[in-house]
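Worksheet for the structure shown next.
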Amino acid sequence: MHWADYTAKILRERGGPQVSASGITPSGEFHIGHLREILSAEMIHRACLDAGIESEYVFIVDSMDPLRRVYDFLSPSYEQFIGHPLAYIPAPDNNGDPVMGGSSYAEHFLNPFLQALEKIGVKPKVVMNHETYESGAFAKGIDMAIMNRENIRGLIEEISGRELEENWFPYNPIGADGSLDGVRVTGYEKPFVHWADSNGLEGRSDIRKAEGKLPWRIDWAARWIIHGITCEPAGKDHGSAGGSFDTGIPICKLLGGNPPDKIVYEWIQMKGMGPMSSSTGLTVGPMDALSLVPPEILRYVIARSKINRHIEFDTGPSLFQIADEYERLVSSPLEEKEGMSKRQAVSLATQSGALRLSQVSRGSKPMDSFAGVSFRHLSMLAQIKSSDKDVWLSLERSGHMEGEPSIQLRERLARMRSWIDGPHFPDESKVEIRVELPIDEKKDLDAKSVNFLSELSARLSKCDWDEDSIVKSIKDSCESSEIPTRDGFKLLYWVLIGKNDGPKASSLIYEIGRTKLLRLLK
RNA sequence: GGGCCUGUAGCUUAGUCAGGUAGAGCGCCGGGCUUUUAACCCGGUGGCCGGGGGUUCGAAUCCCCUCAGGCCCGCCA
């Protein structure tokens with residue numbers, strides 16, 4: 001059974017309508033890793049719906065979180081905003097300078113991510129956390145947290161093993177300068193928290209407004225209650241012993257709520273590129289990924305892996321493998337058979353679950369996303385055929401396609417071309433035509449081979465330049481130089497691309513062009 | 001120091017929660033497609049399930065120990 005379906009089954013036992021949630025701090029550019037946060041919850045939500053359970057999916061944007069430091073992509077002028085909630089500071093321009101009067105920092109990074117989510121069929125109810133504070137929805141939780149201050153302190157200290165400061169307070173007011181940093185609480189008179197900020201200025205915050213926030217561990221527990229969240233998979237950082245999941249659950253109960261069960265997902269890592277980092281420019285954003293692969297395959301990357309396993313995201317060879325796997329599963333799904341072992345049946349259910357959850361629009365048939373051509377094959381055609389029309393002709397001839405190419409296929413070819421032209425395309429999948437044969441390889445050629453190549457050269461210098469004539473020239477050359485056709489092709493591939501096999505020789509030669517080819521054969 | 005995850009065929013892995021003859025894909029090898037697309041079709045090769053012990057009629061699966069790799073533990077999520 002797929003992990004999302006399994007979780008839905010557990011949630012059914014909990015009863016009632018389900019609310020799955022994700023939460024992300026928009027502190028910078030979103031990357032592919034954030035997709036797992038989103039899709040882990042969204043797939044569980046879909047699995048609930050598919051199981052006939054009433055369910056909703058909420059994406060909570062931690063817009064009330066403060067700017068922690070001046071990141072590499074920000075100009076030093078952001079120094080003044082450190083400690084300010086991301087919702088209340090200006091967005092940076094391309095130079096990293098703040099643009100006053102435009103969108104907020106939080107919105108600036110969030111919007112492109114939401115567009116990417118739309119493309120992969122994720123339609124969350126978006127909650128800006130600062131708006132929840134502004135609305136006063138947190139007031140009750142804040143009041144209860146303050147009234148239970150010592151209990152909560154005890155829970156956090158005991159479970160996390162961390163010692164909290166003497167003047168620790170379960171509410172962090174915003175100071176006169178707009179920063180959450182260094183503000184000391186001096187008293188509480190419902191609904192006001194009195195404080196003195198780092199500059200010595202005094203003031204009070206109304207807990208019914210966004211004039212302060214709960215510390216993360218309490219904020220999380222409180223929002224579970226506010227939004228009725230029943231399921232929120234969290235990254236492994238929250239899953240550690242004594243992490244925020246372990247404190248959140250009892251704190252939520254203390255505040256009178258029914259917390260979700262602990263579900264932890266593993267990180268996505270970039271293979272062979274070191275850690276994901278916006279500063280080095282090596283990050284792959286959701287939009288970048290979508291310009292390379294179809295959205296259902298991006299979903300499949302997440303859906304095919306168990307939730308507690310690392311995913312090594314790689315825009316190179318393994319993306320081919322995954323994309324081909326998807327294509328293959330769609331075209332020939334496993335079928336239930338008589339005498340199938342329990343294991344095979346389980347595997348079948350898991351696979352079809354992954355396929356089902358990978359669809360961009362829920363409930364659509366995987367077959368509708370089928371483009372009919374493997375990525376590997378298409379990458380080869382895209383490389384040797386410079387015009388799209390020739391690609392369609394070739395696909396028609398090989399029986400991959402009938403009539404006009406589908407929209408899926410057209411889009412797929414367009415993405416393939418941008419992949420091939422971009423920096424992520426794997427070298428081993430590149431078809432590189434040699435300019436000339438290295439000397440030492442020339443020496444290794446025996447007499448028959450040399451004879452074959454010169455025969456071929458002669459024929460190709462005067463035949464018609466179309467694929468049929470080229471094939472005929474190759475076969476005739478094999479015959480007259482008395483080598484098996486198979487060996488002739490092998491040799492030819494070796495000369496052309498340095499490998500024993502390759503794309504259809506005639507297409508390849510046709511694309512290379514007569515002049516360049518004859519120079520190579522000499 | 002505390003904790004989590006992973007280790008199954010050359011590679012990617014399913015199966016572990018509910019113990020009952022180890023499945024798949026890729027790769028590789030062979031054959032077919034009589035124009036040889038890295039396509040497509042058929043067949044085959046390949047695993048003392050990291051190691052050791054225990055429980056059991058029976059263990060990849062449960063328990064204990066151990067080795068290896070990855071990761072998390074700052075009011076950062």
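In what follows, chains carry the letters A, B, and so on, assigned in the order in which the sequence lines appear, proteins first and then strands, with residues in each chain numbered from 1. Side chains included, hydrogens not; waters and symmetry mates left out as well; all remaining heavy atoms used.
Going from atom CG of A:Leu329 over to atom P of B:rG23 covers 19 Å, rounded to whole Å. For the pair A:Glu327 CD and B:rG25 C1', the interatomic distance rounds to 15 Å; values are reported in whole Å. For the pair A:Asp324 CG and B:rA39 C1', the interatomic distance rounds to 11 Å; values are reported in whole Å. In this structure, CD1 of A:Ile311 is placed 15 Å from C1' of B:rG70, rounded to the nearest angstrom. Taking atom OH on A:Tyr6 and atom P on B:rC17, their separation rounds to 10 Å, with Å as the unit. What separates CG of A:Leu319 from C1' of B:rG25 is a distance of 16 Å, to the nearest Å. Regarding A:Glu29, its CD atom lies at a distance of 20 Å from the P atom of B:rA77, rounded to whole Å. The separation between A:Tyr265 atom OH and B:rA77 atom P is 13 Å, rounded to whole Å.
Side chain of A:Asp65, nearest nucleotide from B:rA77, B:rC72, B:rU37: B:rA77. Distances were taken from every side-chain heavy atom of A:Gln321 (C-beta onward) to each of B:rU37, B:rG25, B:rU36; the shortest belongs to B:rG25. The side chain of A:His238 lies closest to B:rA77, out of B:rC72, B:rA77, B:rU37. Residue A:Phe489 has its side chain nearest to B:rU36 when only B:rU36, B:rA77, B:rU12 are considered.
Partners of A:Trp224 under the ring pair (Phe, Tyr, Trp, His ring centres under 6.0 Å) rule, at least two apart in sequence or in another chain, are A:Trp220, A:Phe245. Residues passing the side chain to side chain contact (heavy atoms under 4.5 Å, CB included) test with A:Ala116, sequence neighbours excluded: A:Pro286, A:Met287, A:Leu290.
If you look at A:Tyr171 and A:Trp195, their ring centroids are not closer than 6.0 Å. Aromatic pair A:Tyr88/A:His84: ring centres not closer than 6.0 Å.
The shortest heavy-atom contact between A:Ile420 and A:Gln383 is CD1-CG, 3.7 Å.
Using C1' as the reference atom, B:rG58 and B:rG1 are 41 Å apart when rounded to the nearest Å. Comparing the P positions of B:rG23 and B:rU16 gives an interatomic distance of 15 Å, to the nearest angstrom. B:rC41 and B:rC49: their P atoms are spaced 33 Å apart (whole Å). Remark: the separation of the P atoms in B:rG51 and B:rA68 is 15 Å, to the nearest Å. The separation of B:rG47 from B:rA60, taken at their C1' atoms, amounts to 11 Å, rounded to a whole angstrom. Only the C1' atoms considered, B:rG32 is 46 Å distant from B:rA18, to the nearest whole Å. For the C1' atoms, the distance linking B:rC26 with B:rA39 amounts to 15 Å, nearest Å. Remark: the separation of the C1' atoms in B:rU37 and B:rG7 is 39 Å, to the nearest Å.
Shown here is A:Glu165, whose CD atom has no more than 12 heavy atoms of other residues, nucleotides or ligands within 6.0 Å. Dense packing is recorded around NZ of A:Lys262, with more than 12 heavy atoms of other residues, nucleotides or ligands lying under 6.0 Å away. Within a 6.0 Å sphere centred on CD of A:Glu158, other residues, nucleotides and ligands contribute 12 heavy atoms or fewer. Other residues, nucleotides and ligands contribute over 12 non-hydrogen atoms within 6.0 Å of the CZ atom of A:Phe320.
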Polar-atom pairs under 3.5 Å, protein N or O versus N or O of nucleotides 41-43 of chain B: list them with distances, or write none.
none

So which protein nitrogen or oxygen atoms get under 3.5 Å of nucleotides 6-9 of chain B's nitrogens or oxygens?
| residue | atom | partner | partner atom | Å |
| --- | --- | --- | --- | --- |
| B:rU6 | OP1 | A:Asn308 | ND2 | 3.4 |

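A:Arg217 and A:Thr247 are linked by a side-chain donor-acceptor pair at a separation below 3.5 angstrom, with hydrogens and angles left out of the test. Judged purely by distance below 3.5 Å, without hydrogens or angles, the side chains of A:Glu211 and A:Tyr133 never pair a donor atom with an acceptor atom.
Between A:Phe109 and A:Phe73, the ring planes are perpendicular. Angles over 60° get that label, and only those under 30° would be called parallel.
Using a 4.0 Å heavy-atom distance criterion, A:Lys475 is classed as a sugar-phosphate-only contact. Among the protein residues, A:Ser379 comes within range of no part of the nucleic acid, since none of its heavy atoms lies under 4.0 Å from any strand. Here A:Asn172 lies out of heavy-atom contact (under 4.0 Å) with every strand. Here A:Leu381 lies in heavy-atom contact (under 4.0 Å) with a base.
Near RNA chain B, defined here as any heavy-atom distance below 4.0 Å, the residues from residues 153-164 of chain A are A:Arg162, A:Leu164, listed numerically.
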Watson-Crick and G-U pairing of RNA chain B, under 3.5 Å, as dot-bracket with | and [ ]:
(((((((..((((......[..)))).(((((.......))))).....(((((..]....))))))))))))....
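Ion pairing of A:Arg412 with A:Glu296 is present here, as a side-chain N (NZ or NE/NH1/NH2) and a carboxylate O approach within less than 4.0 Å.
Nearest-nucleotide positions on RNA chain B place A:Ser305 closer to the 5' end than the other of A:Ser305 and A:Arg376. Residue A:Gln383 is the one, among A:Gln383 and A:Gly242, whose nearest nucleotide of RNA chain B lies closer to the 5' end (criterion: closest heavy atom).
When atom types are taken as modelled, the side chain of A:Ser379 and the backbone of A:Arg376 share a donor-acceptor pair closer than 3.5 angstrom. A:Asn148 places a side-chain N or O within 3.5 Å of a backbone atom of A:Met144 that can act as its donor or acceptor partner.
Under the salt bridge (Lys or Arg N to Asp or Glu O under 4.0 Å) test applied with A:Glu266, the options A:Lys236, A:Arg309, A:Lys306 reduce to a single match, A:Lys236.
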